[in-house]
Amino acid sequence: MERTRCAETHLLKVELPSMPGLTLYLKDETTHLTGSLKHRLARSLFLYALCNGRIGPNSTVVEASSGSTAVSEAYFARLLGLRFVAVMPRTTTAEKQAEIVANGGEVHLVDEPGEIYAAAIRIADETGGCYLDQFTFAERAVDWRVDNIAQSIFHQMSEEEHRVPTWVVCGAGTGGTAATIGRYIRYRGLTTRLCLADPVESVYHRHMADRNVRTWRGRSVIEGIGRPQVEASFVADLIERTIAVPDAASIAAARVMSRFIGRSCGGSTGTNLWASLLIMQEMAAAGERGALVTILCDSGERYRSTLFEDTWLAKRKLSCAPYQRQLEAMLAVPDVSSDPARPEPIQAPPPRARVGG
C-alpha cells in the first residue's frame with residue numbers, strides 16, 4: 001500500500017548558458033514522502049529484514065545513521081507499529097532529530113561518529129530487536145535491475161535530447177546508491193560513466209587511490225555522505241572517477257543552487273553539484289556535448305541551523321565566499337549584447353584528492 005502512494009520523483013533540467021551544448025539534470029529526491037533519497041533505501045531495508053525473518057510483530061528496530069535514513073526508517077517503523085531507535089552522532093542537525101521524533105522514532109546520540117555502530121548493536125541486543133545496518137545491507141537490499149533510482153533516471157532521460165547521459169555523479173554514505181547506479185549501467189550496457197563526489201575528509205576517495213586505506217580520522221560537516229571507514233556496501237570497482245570536494249565548496253554550491261533553481265538543497269547535494277560542474281567545465285573546454293545527471297538528495301531545510309547559518313559557519317572557520325563567487329559567475333546568464341568574459345573555472349582539489357580522469 002505504501003508503494004502505491006508514491007509517485008516518481010522529478011527530473012529537473014538546469015540550463016547553463018555559459019556551457020552551450022551541455023545540460024545538467026537534478027534527480028529531485030526531496031519529493032518522497034519522507035523528504036529524501038533515503039526513502040528508497042529505508043523501504044528496501046525493511047523489506048529485506050522482513051523477508052529474512054529479522055523483524056517480528058514486536059521487534060524494536062534500530063539503525064545507525066547520520067539522520068536522513070533514520071527519518072525514513074522511523075516512518076516505515078510507524079507504519080508497521082514498531083518501536084524505532086536512531087543512533088546518531090551528537091552533531092546531527094536538530095531538524096533531522098525533530099523529524100525522527102515526529103515520525104514516532106526515538107533518538108540516541110553518541111559523541112563520536114565512529115561509535116554509532118557499536119551503540120546500535122548494543123541497543124538491538126538489549127531489546128531483542130533488529131539492527132537494520134544500512135552500511136552492510138544497502139547494496140544487497142536494493143534490486144539494481146528494476147524499480148530503483150537508476151531505472152527511473154534512465155527512463156526519464158530517454159525523452160531528452162541526450163538520451164544517455166555522459167556522466168552520473170553521486171555521493172556515498174553507505175555506497176548503496178552508487179552500487180545500484182553502477183550495476184544498472186553495466187546491466188543495461190550503457191556508456192554512462194559514474195563519478196563519486198566525496199567530501200575531502202572522507203575515506204572513500206583515499207580508498208579509491210589506495211585500496212589498502214580503509215579508515216580515515218578526518219571529520220566532515222556534510223552529513224549523509226563520506227565515512228570514516230570503508231563500509232561493506234561500498235563497491236569501489238563500479239566507480240570510474242572520484243572528485244574530493246571541500247566542505248566549504250559543498251555548502252557554497254548548496255546555497256547558490258538553492259537560489260538558482262528555487263528549490264532548497266542540502267549539503268550532500270552541494271557536494272554532488274560541485275563535482276558535476278567541474279566535470280561539465282572540462283567537457284566544455286574539450287568541446288563536448290552531452291548531459292550529466294546528479295541527485296538532489298534532501299532539502300536544505302534540514303540544515304537551516306547549520307549549513308545555512310552564517311554564525312555556525314564562522315565558528316567552524318568555513319569560508320564559502322571564494323567558492324560562491326566561482327559558482328555565481330558560472331551560473332550567471334551572459335550578456336549577449338557584448339563579449340562577456342568567460343567564467344572563472346572551478347578549481348579542482350589538490351591532486352591527492354582526485355582519482356581517475
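- The heavy-atom pair separating Ile116 from Phe135 by the smallest distance is CD1-CE1, 4.1 Å.
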Verdict with supporting geometry, Thr180 and Asn148, side-chain hydrogen bond (donor to acceptor under 3.5 Å, both in side chains): CA-CA 8 Å; Thr180 298; Asn148 58 57; over 6 Å; no
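- Between Asp133 and Tyr117, every side-chain heavy-atom pair lies at or beyond the 4.5 Å cut-off.
- Note that the CG atom of Leu26 and the CG atom of Leu273 stand 6.0 Å from one another [nearest 0.5 Å].
- Atom NE2 of His10 is surrounded by 12 or fewer heavy atoms from other residues, nucleotides or ligands within 6.0 Å.
- Ring-plane geometry between Phe234 and His207 is classed as perpendicular, the angle between the planes exceeding 60 degrees on a 0 to 90 degree scale with a lower cut at 30.
- The closest side-chain heavy-atom distance from Ile279 to Leu292 is below 4.5 Å.
- The neighbour count for Arg188 CZ, taken as heavy atoms of other residues, nucleotides or ligands under 6.0 Å away, does not exceed 12.
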Verdict with supporting geometry, Thr294 and Lys27, side-chain hydrogen bond (donor to acceptor under 3.5 Å, both in side chains): CA-CA 6 Å; Thr294 193; Lys27 180 64 168 165; over 6 Å; no
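- Side chain to side chain, Arg302 and Ser68 meet the donor-acceptor criterion of an N or O pair below 3.5 Å.
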Show, in sequence, the C-alpha distance, side-chain angles and deciding distance for Glu161 and Lys13, and conclude whether the salt bridge (Lys or Arg N to Asp or Glu O under 4.0 Å) test is met. CA-CA 11 Å; Glu161 178 186 3; Lys13 183 178 181 181; 5.7 Å; no
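- In this structure, Leu190 is a member of the same hydrophobic cluster as Ile149, with clusters built from ILVMFWY side-chain heavy atoms closer than 4.5 Å.
- Contact detail for Ser158 and Arg163: the closest heavy-atom pair is O-NE, 3.1 Å.
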Start with the C-alpha distance between Arg255 and Glu309, add both sets of side-chain angles, then the distance that settles salt bridge (Lys or Arg N to Asp or Glu O under 4.0 Å), and finish with yes or no. CA-CA 11 Å; Arg255 288 178 162 210; Glu309 173 53 57; over 6 Å; no
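- Residues Leu277 and Leu327 have side chains in contact (heavy-atom distance under 4.5 Å, counting atoms from C-beta outward).
- Rounding to the nearest 0.5 angstrom, the gap separating the CD1 atom in Ile222 from the OG atom in Ser268 is 8.0 Å.
- In this structure, Arg304 forms a cation-pi arrangement with Phe308, its terminal cationic atom sitting closer than 6.0 Å to the ring centre and no more than 45° off the ring axis.
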Could you go step by step and tell me if Glu29 and Thr9 meet the side-chain hydrogen bond (donor to acceptor under 3.5 Å, both in side chains) rule? CA-CA 6 Å; Glu29 294 291 284; Thr9 61; 2.7 Å; yes
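- For the residue pair His205/Thr242, the side-chain donor-acceptor check at 3.5 Å is not satisfied.
- Put simply, OG1 on Thr166 and CG on Leu22 are 8.0 Å apart, with the number rounded to the nearest 0.5 Å.
- Applying the side chain to side chain donor-acceptor pair (under 3.5 Å) criterion to Ser65, with sequence neighbours excluded, gives no partner residue.
- For the atom pair CG of Leu132 and OG1 of Thr69, the computed distance is 10.0 Å after rounding to the nearest 0.5 Å.
- The aromatic ring centroids of Trp274 and Tyr323 lie less than 6.0 Å from each other.
- For the atom pair OG (Ser36) and CD1 (Ile295), the distance works out to 11.0 Å, reported to the nearest 0.5 Å.
- Not a single donor-acceptor pair under 3.5 Å links the side chain of Arg263 to the backbone N or O of Ser299.
- In this structure, Arg259 pairs ionically with Glu328, as a charged nitrogen and a carboxylate oxygen lie closer than 4.0 Å.
- Nearest approach of Ala275 to Ala197, heavy atoms of both residues: CB-CB, 3.7 Å.
- The backbone N or O of Gly300 lies less than 3.5 Å from a partner atom in the side chain of Ser264, making a donor-acceptor pair.
- The shortest heavy-atom contact between Tyr303 and Thr93 is CD2-CG2, 3.8 Å.
- The shortest distance between side-chain heavy atoms of Arg83 and Val85 falls below 4.5 Å.
- Under the 3.5 Å distance criterion, the side-chain polar atoms of Thr92 are left unmatched by any main-chain donor or acceptor of Met88.
- Between Cys195 and Val169 there is a side-chain heavy-atom pair separated by less than 4.5 Å.
- In this model, no donor atom of one side chain and acceptor atom of the other lie less than 3.5 Å apart for Thr30 and Asp298.
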Start with the C-alpha distance between Glu201 and Arg217, add both sets of side-chain angles, then the distance that settles salt bridge (Lys or Arg N to Asp or Glu O under 4.0 Å), and finish with yes or no. CA-CA 8 Å; Glu201 294 302 330; Arg217 294 181 62 85; over 6 Å; no
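- One side chain, Ser305 or Glu95, offers a donor N or O that lies under 3.5 Å from an acceptor on the other.
- Residues Ile225 and Tyr204 have side chains not in contact (no heavy-atom distance under 4.5 Å, counting atoms from C-beta outward).
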Salt bridge (Lys or Arg N to Asp or Glu O under 4.0 Å) evaluation trace for Asp237 with Arg186: CA-CA 12 Å; Asp237 290 342; Arg186 285 156 180 76; over 6 Å; no
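- Pairing each heavy atom of Ser250 with each of Gly267, the nearest pair is CB-O, 3.8 Å.
- What you find for Leu313 and Cys320 is that their closest heavy atoms are CD1-SG, 4.0 Å.
- In this structure, Val221 and Leu318 have side chains that are in contact, with non-hydrogen atoms separated by less than 4.5 Å.
- Under 4.0 Å is where a charged nitrogen must lie from a carboxylate oxygen, and between Lys96 and Glu223 at least one such pair does.
- Val110 is not listed as a side-chain neighbour of Arg90, based on a closest heavy-atom distance of 4.5 Å or more.
- Ion pairing between a basic and an acidic side chain is recognised when a charged N comes within 4.0 Å of a carboxylate O; Arg241 and Glu282 show such pairing.
- With no hydrogens or angles considered, a side-chain donor-acceptor pair links Ser152 and Glu8 at under 3.5 Å.
- By the 6.0 Å contact criterion, CD on Glu159 is open, its count of non-hydrogen atoms from other residues, nucleotides or ligands being 12 or less.
- Not a single donor-acceptor pair under 3.5 Å links the side chain of Ser202 to the backbone N or O of Asp198.
- Taking hydrophobic clusters as Ile, Leu, Val, Met, Phe, Trp and Tyr residues chained together by side-chain heavy-atom distances below 4.5 Å, Trp167 shares a cluster with Leu278.
- The CE atom of Met330 sits 7.5 Å away from the CG atom of Leu16 when rounded to the nearest 0.5 Å.
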Taking only distance into account, with no hydrogens and no angle test, what donor-acceptor pairs under 3.5 Å do side-chain atoms of residues 41-50 form with protein atoms, sequence neighbours excluded?
residue, atom, partner, partner atom, Å
Arg43, NE, Glu2, OE1, 3.0
Arg43, NH2, Glu2, OE1, 3.3
Ser44, OG, Arg40, O, 3.2

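- Remark: the backbone N or O of Gly176 is not paired with any side-chain donor or acceptor of Ser233 at under 3.5 angstrom.
- No side-chain N or O of Glu231 forms a donor-acceptor pair with one of Thr174 less than 3.5 Å apart.
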